[in-house]
Amino acid sequence: MDWPSTAAEAIAVQEKLRGLVEVVDVGPAPRYVAGLDVAYEGDRLAAAVVVLDRMTLDEVDRAVVRGATTFPYVPGLFAFREVPALLTALEQLTTVPDLLVCDGQGLAHPRRFGLACHLGVLTGIPAIGVAKTTFVGAHGRLGWERGATAELVDGDEVVGAAVRTQDGVKPVYVSVGHRVTLPTAVQRVLELAPHYRLPETTKQADRACRDGLLDG
DNA sequence: GCGACAG
DNA sequence: ATCTTGTCGC
């Protein structure tokens, strides 16, 4: 499988794959939810996937792989920097996740094909994007309490939702990646963040990849 | 044209 | 992402 090496090629790949995104809920509520994240130190990187039981939030599996960067960080082409290592980590898992909770955007992307869409389409696994800041789109004010939401709108499209996961904290930005609808994605994020601003999956994956960077 | 810009 | 101290609060 060829991988783009230039921005123009990467954009062409996104334009080609964007039509494969499925915005529909599939199957029963997920049992195994995976958090994915990548840490960097110069040209080195460590990618981690941590699988948790959705109900108990107990860890059931994890995989951490180290490597080197192969694509620079370019807003809009972020996926090309992280997808290769994340796919390798996913292959190392013993447990196949039912949902991928990605660190970044899904449809809330200039070409409607952010990291979560990319990973979802390539693996066929339902995926959602949870970002700490917005990339595209804007939203009105939302309630102060946990569970409050506001539509994230870009142009004339609702591309995601600003979600308050705890009373008074800054909202996180949730968008559809693949094989899930926005309401369901928001519900999953709230379930995964019972005590902190970020989903437990994201926190575990962040910790895992940072530790993975220290080893090598 | 100018600035903004997931991680 | 990463560079970085102390500090306020449960």
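When reading the values below, keep in mind they use all heavy atoms of this one structure, side chains included, and skip hydrogens, waters and symmetry mates. Chain letters run A, B, ... following the sequence lines, proteins first and then strands; every chain starts at 1.
Both A:Leu86 and A:Leu20 belong to a single network of hydrophobic side chains, linked directly or stepwise wherever heavy atoms of I, L, V, M, F, W or Y lie under 4.5 Å apart.
In this structure, A:Ala108 reaches neither bases nor backbone, as no heavy-atom distance under 4.0 Å exists between it and the strands shown. Residue A:Leu77 is classed as a base contact, given a heavy-atom separation below 4.0 Å to a base. Within 4.0 Å of A:Gly129, counting heavy atoms only, lies no atom of the nucleic acid at all. The residue A:Phe78 sits close to a base: some heavy atom pair falls under 4.0 Å.
For the pair A:Leu213 CG and C:dA1 C1', the interatomic distance rounds to 11 Å; values are reported in whole Å. As rounded to whole Å, 11 Å separates atom C1' of B:dA6 from atom OH of A:Tyr40. For the pair A:Phe135 CZ and C:dA1 C1', the computed distance is 15 Å after rounding to whole Å. Going from atom CZ of A:Arg210 over to atom C1' of B:dG7 covers 12 Å, rounded to whole Å. Summarising the geometry, the separation between OH on A:Tyr73 and P on C:dA1 is reported as 10 Å, rounded to the nearest angstrom. In this structure, A:Leu107 places its CG atom 14 Å from C1' of B:dA6, rounding to the nearest Å. Straight-line distance from the CZ atom of A:Arg44 to the P atom of C:dT2: 12 Å, rounded to whole Å. Distance CZ (A:Arg81) to P (C:dT2): 10 Å, rounded to an integer number of Å.
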Inset, instruction - Could you go through the salt bridge (Lys or Arg N to Asp or Glu O under 4.0 Å) check for A:Glu145 and A:Arg164 one step at a time? - result: CA-CA 7 Å; A:Glu145 75 289 357; A:Arg164 190 97 67 191; over 6 Å; no

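Between A:Thr133 and B:dG7, a side-chain N or O to OP1/OP2 separation shorter than 4.0 Å is present. In this structure, A:Tyr173 does not reach the B:dA6 phosphate: none of its side-chain N or O atoms is under 4.0 Å from OP1 or OP2.
Close placement of the A:His118 and A:Phe80 rings is indicated, their centers lying within 6.0 Å of each other.
No side-chain donor from either of A:Arg197 and A:Gln166 sits under 3.5 Å from a side-chain acceptor of the other.
Within the 4.5 Å cutoff, the side chain of A:Arg66 has no heavy atoms near those of the A:Leu213 side chain.
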